[in-house]
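By convention in this document, chain letters (A, B, ...) are assigned in the order of the sequence lines, proteins followed by strands, and residues within each chain are numbered from 1. Owing to the predicted nature of the structure, the values given are computational and were not obtained by experimental measurement. Below, all heavy atoms of this structure are taken into account, side chains as well, without hydrogens, waters or symmetry copies.
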Amino acid sequence: MSETTKKSTSRREFLKSTGRIAAASALTAGVIPRIYAGENNTIKVALVGCGGRGTGAASEALSVKNGPTKLVAMADVFENRLAGSYKSLKESHANQVDVPEDHRFIGFDGYRKAMDCLDAGDVAIFATPPAFRWVHFTYAIKKGLNVFMEKPITVDGPSTRKFLKLAEESVKKNLKVGVGLMVRHCRGRWQLLDRIKSGEIGEIVMLRGYRMGGQAATTGPKPDNMSELLYQVQRFHSFMWASGGMYSDYYIHQIDECSWMKGAWPVEAHATGGRHYRGNDVDQNFDSYAVEYTYPDGTKLFYYGRNINGCQGGFSSYAHGTKGSAVITTSSHTPGKVRTYKGHNMDKANLLWAFPQPEPNPYQLEWDDLIDAIRQNKPYNEAKRGAEASLVSSMGRMAAHTGQIITYDQMLNCEQEFAPDVDKLTMDSPAPLQAGPDGKYPVPQPGILKQREY
Amino acid sequence: MLLREQSAYSSGKAWSKHGLKMNRVVKYVAMLAISVVAFQCSDVPSEDRKLPKGYTETVTSKSGEKISFEMVLVPGGTFVMGSPKDEPGRRDDEGPQYKVRIDPFYLCTTETTIEFFLAYYEEMVTAKRQDTEVEQADRGDLDAVTGPTPVYGDLTMGHEKKHPAMGMTWYNAVTFCEWLSRKTGRKYRLPTEAEWEYACRAGTTNIFGFGNDPNQFADYAWYEANSDGEPHEVGKKKPNAWGLYDMWGNVREWVYDFYSPIVYREAAKQNPSVNPRGPAGGEVHAARGGDYNSAIKYLRCAARDYEDKWWRSGDPQMPKSKWWLPQMDFIGFRIARAIDPNDK
């Protein structure tokens, strides 16, 4: 993780410096960078996964101020999603959306066709359920494409192992890869990290995170007019194979930001969790999780997640040091409203520093940074870091789902692959998760299933 | 269509989202509507009727909690809306000043609280799926939905239950009023922009409603100078002369009207304009009163504001949510209620 931190720091230094000289000296061997100058300096974009977030990401890609971008291809497995996404983007960015009908692809192989509309050095956006990341990334690397991918990017041990190899390949090919952990691009958090490193709150001895709100990520039985596969793809938060479940999808941001501030990935997790008030819901999630993550120096991150209506809410994270404390997230991801305090009573009298408001939107910043790196040919690859963040998320989830302590190495080498053949899916394939004889999907059984999550 | 809108207005029914549909269908009636609505006075001056000066309403949440709120009678009357050209901090959309007649109505003494909004949310949240809105849109039946989709993250944004509810769209606030009306049998709605300003002025003609001295704001409002950058529990500062708390600062308050920078010019053609309710269509709605981060000039009774594009910037999805303005902790609302003919 120290490597990760270094990487972020160096990127920050790049931005501070005038850029060109530093960037040139850091140029890695590999693909010769495309020159984005002269008349044809438009970066083409393909959107793979046209849901709300994918459409939002495409909109941000078309909103960058550092040179022209154009959307040229779209892919999804749902025709109506693609149509709705196209309509929204056409309305908001008419002149930058050039996606004729024969560049709109429906089906599990649509990603190839969409990326075939790009040239090396253009950008593919991956915003399908995370299960498909490694499949799509494999093809992007082959084509020499830069990528922006939504988080999480892996869902289990085997998909992480695959991804780490792909990440290495993509670095060798000098591809620029952004991962949608946008908090990493928040300028307030950058300053907070500098302050923590400079010792403003002393050595970090504990971190806390909360993601508590009403019921979420549950799903009722499959409607009759839809295949089981498409049903599971559409309700991806509900199924481990598709998304890593609510745990991975929701909690990854704060687990990542806390570990970033700590300067390390946790080495093991010990957790509890359970399900209540299920009604007709058939998803695989727990609705409450409490996780103790341990860092290499023995310090802990305590993470609490709950999705039950009527209970205390919370969406924040904190660092506690030997001299003081810090707010890493005040509520949700943005604005972070980061600040530091003397001691551990976070009240006004003890306030040391607060990042001034309003703060820039990190969803846009992550795109500005990616496009800047592409145009200036700066080293920029978040794939490894994204896979590691996904892995430690899986580690906490598995600890809760099995009732066992799970180490980083155990998680990485875990043999359960939720959907090994996800690259071979077609519209007619059976769903990767099959219901039992009682019509219900398998759920975790802590203490009974110790090596597998279901 | 104008007639239908009008009758809906008279009966108090559907101070609803019709305007949004109207917006799509008949934008051109906007100006006409203002002049027609202006004739809408009741035959018997409502001021003459003896009405309760206020009342307390209690609702019971799904989980059995009792939540009470107080409504005060805002007496009917005539006032001058907008600000004079020489008022410090004035913007052009506050003029020209024009005379407005307002029928009596009830207005809540406080901004709608988190606990109150949560009672609505937990009863009305439509589904568990995150992508509900897209699915509804796919089916083309978004309008059939009667309650909000699940909020992204934590609806309280880390605040306590007596803090103002925040981060809901105008549409969500209006849906709250519809829910409350069904629950209580009384027709609650958002105040109009004119009603709001009239209530803020509370019979005065000065800049802030309690005088012209901004140094007094520390007693009346959570704002830039004293809020520590966050909203506060409702009702902790002094109320205005009509018993209304936090009309300045804390959270901005949605009002019924669409925002138009030139609406006063049209309305000023009436003398007085009676119960104006703004343009019949528009892009965004007005929000009044400034927030915890506002400087003095935005706390003036006449100061106007409206939904800005960046209020949607916390929502990483596209299309943006119909229900939520994620992390926008400065926008809330206060409920109003027209006098019912059966009220005594």
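Neither the backbone nor the side chain of Ser63(B) comes within less than 4.5 Å of any heavy atom of chain A. If you measure heavy-atom distances from Ser88(A) to chain B, the contacts under 4.5 Å come from both the backbone and the side chain. Proximity to chain B (any heavy atom under 4.5 Å) is restricted, for Lys337(A), to the side chain, taken from C-beta onward. When heavy atoms are compared at a cutoff of 4.5 Å, Asp315(B) does not approach chain A at all. Both the backbone and the side chain of Leu89(A) have a heavy atom closer than 4.5 Å to some heavy atom of chain B.
For the pair Arg53(A) and Gln317(B), the tightest heavy-atom approach, listed with the atom from each and the gap, is N-OE1, 3.2 Å.
Within a 6.0 Å radius of OH in Tyr259(B), other residues, nucleotides and ligands contribute more than 12 heavy atoms. Around the NZ atom of Lys222(A), the shell of radius 6.0 Å holds more than 12 heavy atoms that belong to other residues, nucleotides or ligands. Within 6.0 Å of CD on Gln312(A) lie no more than 12 heavy atoms contributed by other residues, nucleotides or ligands. Within a 6.0 Å radius of CD in Glu79(A), other residues, nucleotides and ligands contribute 12 heavy atoms or fewer. The environment of Lys90(A) atom NZ is dense: over 12 non-hydrogen atoms of other residues, nucleotides or ligands sit within 6.0 angstrom.
For the residue pair Gln327(B) and Thr334(A), no side-chain donor N or O sits within less than 3.5 Å of a side-chain acceptor on the partner.
Interface remark: of the candidates Gly56(A), Gly313(A), Ser331(A), Ser331(A) forms the most heavy-atom pairs closer than 4.5 Å to chain B. For chain B, the option among Gly310(A), Ala57(A), Ala354(A) with the highest count of heavy-atom pairs below 4.5 Å is Gly310(A). Ranked by heavy-atom pairs shorter than 4.5 Å toward chain A, the options Asp228(B), Thr156(B), Leu155(B) are led by Asp228(B).
Residues Met318(B) and Ser92(A) are in side-chain contact: their nearest non-hydrogen atoms beyond the backbone lie under 4.5 Å apart.
Annotation: the span from Asn309(A) atom CG to Tyr121(B) atom OH amounts to 6.5 Å, rounded to 0.5 Å.
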